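Convention: sequence-line order gives letters A, B, ...; per-chain numbering from 1. Just so it is clear, the structure is predicted and the values come from calculations on it, not from any experiment.
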Number of protein chains: 2
Amino acid sequence: MKRKITLKQIAKELDVSVSTVSKALSGSKEISEDTTQKVKAFAKLYNYRPNNIAISLKNRKTKTIGIIIPEIVHHFFSTVIRGIERVANRRGYNVIVGLSNESFTKEVINMELLANGSIDGFVLSISKETLLKQDYHHFNATIDQGIPVVMFDRVVAEVDCDKVIVDDHKGAVKAVSMLIDKDCKNIALITTMDYVSVGRLRTQGYLEALSNHGIEANPNMILKIDDSLDVENHLEILENEIETFFRMNKVIDGVFAVNELYAITAMKVARKLGYSIPEDMQVIGFTDGVLSKHATPGLTTVSQHGQKIGEQSANLLIDRLEAEDMEEDSYIVNTDRKKDFIKMVIETEIIERESTK
Amino acid sequence: MKRKITLKQIAKELDVSVSTVSKALSGSKEISEDTTQKVKAFAKLYNYRPNNIAISLKNRKTKTIGIIIPEIVHHFFSTVIRGIERVANRRGYNVIVGLSNESFTKEVINMELLANGSIDGFVLSISKETLLKQDYHHFNATIDQGIPVVMFDRVVAEVDCDKVIVDDHKGAVKAVSMLIDKDCKNIALITTMDYVSVGRLRTQGYLEALSNHGIEANPNMILKIDDSLDVENHLEILENEIETFFRMNKVIDGVFAVNELYAITAMKVARKLGYSIPEDMQVIGFTDGVLSKHATPGLTTVSQHGQKIGEQSANLLIDRLEAEDMEEDSYIVNTDRKKDFIKMVIETEIIERESTK
DNA sequence: TGTTAACACGAAAACGTTTTCGTTACGAAT
DNA sequence: ATTCGTAACGAAAACGTTTTCGTGTTAACA
């Protein structure tokens, strides 16, 4: 077992100073051609690599970005991570992930842990519990400490930072409009509780699309699912709720669901009740994941382009980090600006499959 | 914007030395009650938190573990990550993830990057390309450097380290035996190319189950999919291959597929060809993901317990890391042992759903 | 009164780098 | 012969900690 070699060891072996070794390896012309060659050869032989931690300490930056998400076993979030990792990697950064598990406390703890020098900036999506409590002090605190934050998808106006979102509202409008165009007369909505911002926005989109077409919204046609407690038999409860919902509203011939799971489950229940899809009932979901693609019939969905969201988020963050670097070099202290945060909107796209005519 | 406060700053403000502050905060009884209180109060007021990087450098350990996986948008892998993150978090570690994207080069680069001080150990699953090239020098090199490695799922005998695997062989035997018990007379296998070890093992299990029941394997009933190039229209190709396969073997009344996607697709194609499931054809897949659970009919699968795999891997790694700590303290240099690596086998479990009778 | 022990604290090294600022030596210029 | 410039290198500080080893002060004891 040969431990990693350090500058100091090289210096001792070659009987020069640490500074000389460091300079030689970085190709400084302060050092003679001769010693430079010697040092480089020796370093190569022993496979010298600078210690990241030492460099991080010296430079006071880690070249890693922290990701905080509510859940990782989730197609959308893992897609976003993939996007983040991709550009991070390309631009010389690592990613370190923390899972909040939809819990406020875990979110806070995770952020505090990483904020103490482990990362240069955050890309995150807010946990449900945090949204419910509306307590955003930890975000503002880290921003206050000079650590940039980029929020995606589940964002909130109370925090001043760059944001990358999907146009949930418009996406919903498009979806519902499509159902109307395809001759649905009684379109139901299956959504979440209002405190989840994306659920709320998609609900608003549903309402707007109806009103755009002169259709009056019927509160009975809206089913709000409370998934705050993620219990074991969540799926069963979901199915039952949808079933009673469908039984009480026999006229439904179109469904817009704010996520994939609700849409798939709606299709399953509908089939069980004797509807055939898309003939008797058309369904559109939100989020284009594996379920939509591989369901039978394939589910028409509003795609969020998770990877793009991740890529944009990472770019935004790294841009800001490197802008900071520049500022330090120039002596112009930029006190006024700083507030021009970007809100980037990723366009949704409807992917038509077999669940619509 | 108030930057993070350091020991030195506290020391200056309170007009004591850095050492005093450090000791006071750690509750050393070397420091008087009086100053301890003063320091602690000040630290609390300014929300002092020690800098992780500095501590890492000092202790020569980072308390973070590196995860290298081929793909993150994948139910099994993200489940494993969740497991790793869970125990890592509980035991005071962070996780930093690198994606190999099934590429040998990215795997190597990612590992080298992290091995230079960023992490204390690795949990990883080998990329397909690496398996194909059979070049494992980077694993052995990092182990040689004294960095512990735990491999899961896609493991390889050429590398000496702890391993956590699923009993692929036995799982396959169980699945195929179940099909036989349920009166399938002509059981097909849909699998991957042999260089993917899990595919190979599951194939062997299939063959063994048949032979156990005195059934002769028919090569025509085995379909090997080449998914080495993950092209855009992969899905279409897959469907076509399965369709011709089914058309050429009309007697098939049972299918064992080595992953979820193949199983789901098989069901889809079968239905298209007029089979009804499970009456005319029963199907069992491997890996219990979202697809299996939400497909209609629900897919009977061999569950791998990804989260458990992740948890065990992390525990194994951290155990070894902390054992090293102990060794450093005791003066007994343990030169002989070191070789007792653990191979942990996670039992599979068949989850019955509607795709079998 | 002189010795000792406990107490409270500070100086400095160490982790592995990078970088600034000397310092030495030597050849060239005055 | 003195000054100057430059090439080639080393010392030391710095990043933020922790920890070992002093050191000075005071109180207790003989």
Side-chain angles (χ1 to χ4, degrees), chain A residues 3-40 43 46-63 113 115-120 145-146 325 328-329, chain B residues 3-40 42-43 46-64 113 115-120 145-146 325 328-329:
Chain A
R3 282 229 97 90
K4 296 238 75 177
I5 196 171
T6 71
L7 284 188
K8 196 193 285 191
Q9 295 170 40
I10 299 183
K12 196 198 285 183
E13 291 299 318
L14 262 47
D15 207 43
V16 291
S17 78
V18 175
S19 349
T20 304
V21 177
S22 175
K23 288 172 191 164
L25 289 176
S26 67
S28 160
K29 46 185 302 206
E30 244 182 290
I31 308 298
S32 73
E33 188 63 18
D34 205 39
T35 32
T36 301
Q37 289 313 320
K38 229 181 301 184
V39 171
K40 283 193 174 173
Y46 283 87
N47 193 31
Y48 170 79
R49 295 276 180 279
N51 180 304
N52 293 330
I53 297 292
I55 294 189
S56 293
L57 182 58
K58 182 103 236 293
N59 297 342
R60 297 155 100 196
K61 65 184 57 137
T62 60
K63 288 276 184 178
L113 223 58
N116 297 318
S118 299
I119 53 94
D120 294 341
Q145 274 174 36
D325 287 359
E328 276 172 25
D329 291 351
Chain B
R3 282 230 97 89
K4 295 239 73 175
I5 197 171
T6 72
L7 285 187
K8 196 193 284 190
Q9 295 171 39
I10 298 183
K12 196 198 286 183
E13 292 298 319
L14 262 49
D15 208 42
V16 292
S17 78
V18 176
S19 350
T20 305
V21 177
S22 175
K23 288 172 190 164
L25 289 177
S26 67
S28 159
K29 46 186 302 209
E30 243 182 289
I31 307 299
S32 74
E33 188 65 19
D34 206 39
T35 33
T36 300
Q37 288 313 321
K38 231 182 298 184
V39 172
K40 283 194 173 173
F42 193 92
Y46 283 87
N47 194 31
Y48 169 78
R49 294 275 181 282
N51 181 305
N52 294 330
I53 296 292
I55 293 188
S56 293
L57 182 58
K58 181 105 238 292
N59 298 340
R60 298 155 99 199
K61 64 184 60 134
T62 59
K63 289 274 185 181
T64 84
L113 223 60
N116 296 320
S118 298
I119 53 95
D120 294 342
Q145 272 174 37
D325 287 1
E328 277 172 25
D329 290 353

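Minimum interatomic distance between B:K63 and B:D120 (heavy atoms only, all atoms of both residues): N-OD2, 2.7 Å. Here the closest heavy-atom approach between residue A:Q9 and residue A:K4 is recorded as NE2-O, 4.1 Å. Summarising the geometry of B:Y48 relative to B:I5, their closest heavy-atom pair is CD1-O, 3.4 Å, with the distance given to 0.1 Å. Taking each heavy atom of A:V18 and A:K8 in turn, the nearest pair found is CG2-CA, 4.0 Å.
Taking atom CG of A:N52 as the reference point, atom P of C:dT18 lies 11 Å away to the nearest angstrom. As rounded to whole Å, 16 Å separates atom P of D:dG16 from atom CD1 of A:I55. Rounded to whole angstrom, the span from the CG atom of A:L14 across to the P atom of D:dG10 amounts to 10 Å. With rounding to whole Å, A:K61 atom NZ is found 19 Å from C:dT17 atom P. Between the P atom of D:dA8 and the CG atom of A:D34 lies a distance of 10 Å, rounded to the nearest Å.
A:T36 places a side-chain N or O within 3.5 Å of a backbone atom of A:S32 that can act as its donor or acceptor partner.
With the end axes of the helix from C:dT1-D:dA30 to C:dT30-D:dA1 each set by five pairs, the angle from one to the other reads 90° at 10° resolution.
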* If the sugar-phosphate is the primed atoms plus P, OP1 and OP2 and the base is the rest, what is the B/S/- string for nucleotides 6-15 of chain C, using protein heavy atoms under 4.0 Å? -> --BBBBB-BB
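Look at B:S22 and you won't find any side-chain N or O under 4.0 angstrom from OP1 or OP2 of D:dT17. The phosphate of C:dG16 (OP1 or OP2) has no side-chain N or O of A:Y48 nearer than 4.0 angstrom.
Contacts of B:E13 classified as salt bridge (Lys or Arg N to Asp or Glu O under 4.0 Å), with partners at least two apart in sequence or in another chain: none.
The residue from B:N59, B:T62, B:I55, B:N52 that alone fulfils the side-chain contact (heavy atoms from CB on, under 4.5 Å) condition with A:I53 is B:T62.
Between atom CG of residue A:N51 and atom CG of residue B:L57 there is a gap of 6.5 Å, rounded to the nearest 0.5 Å.
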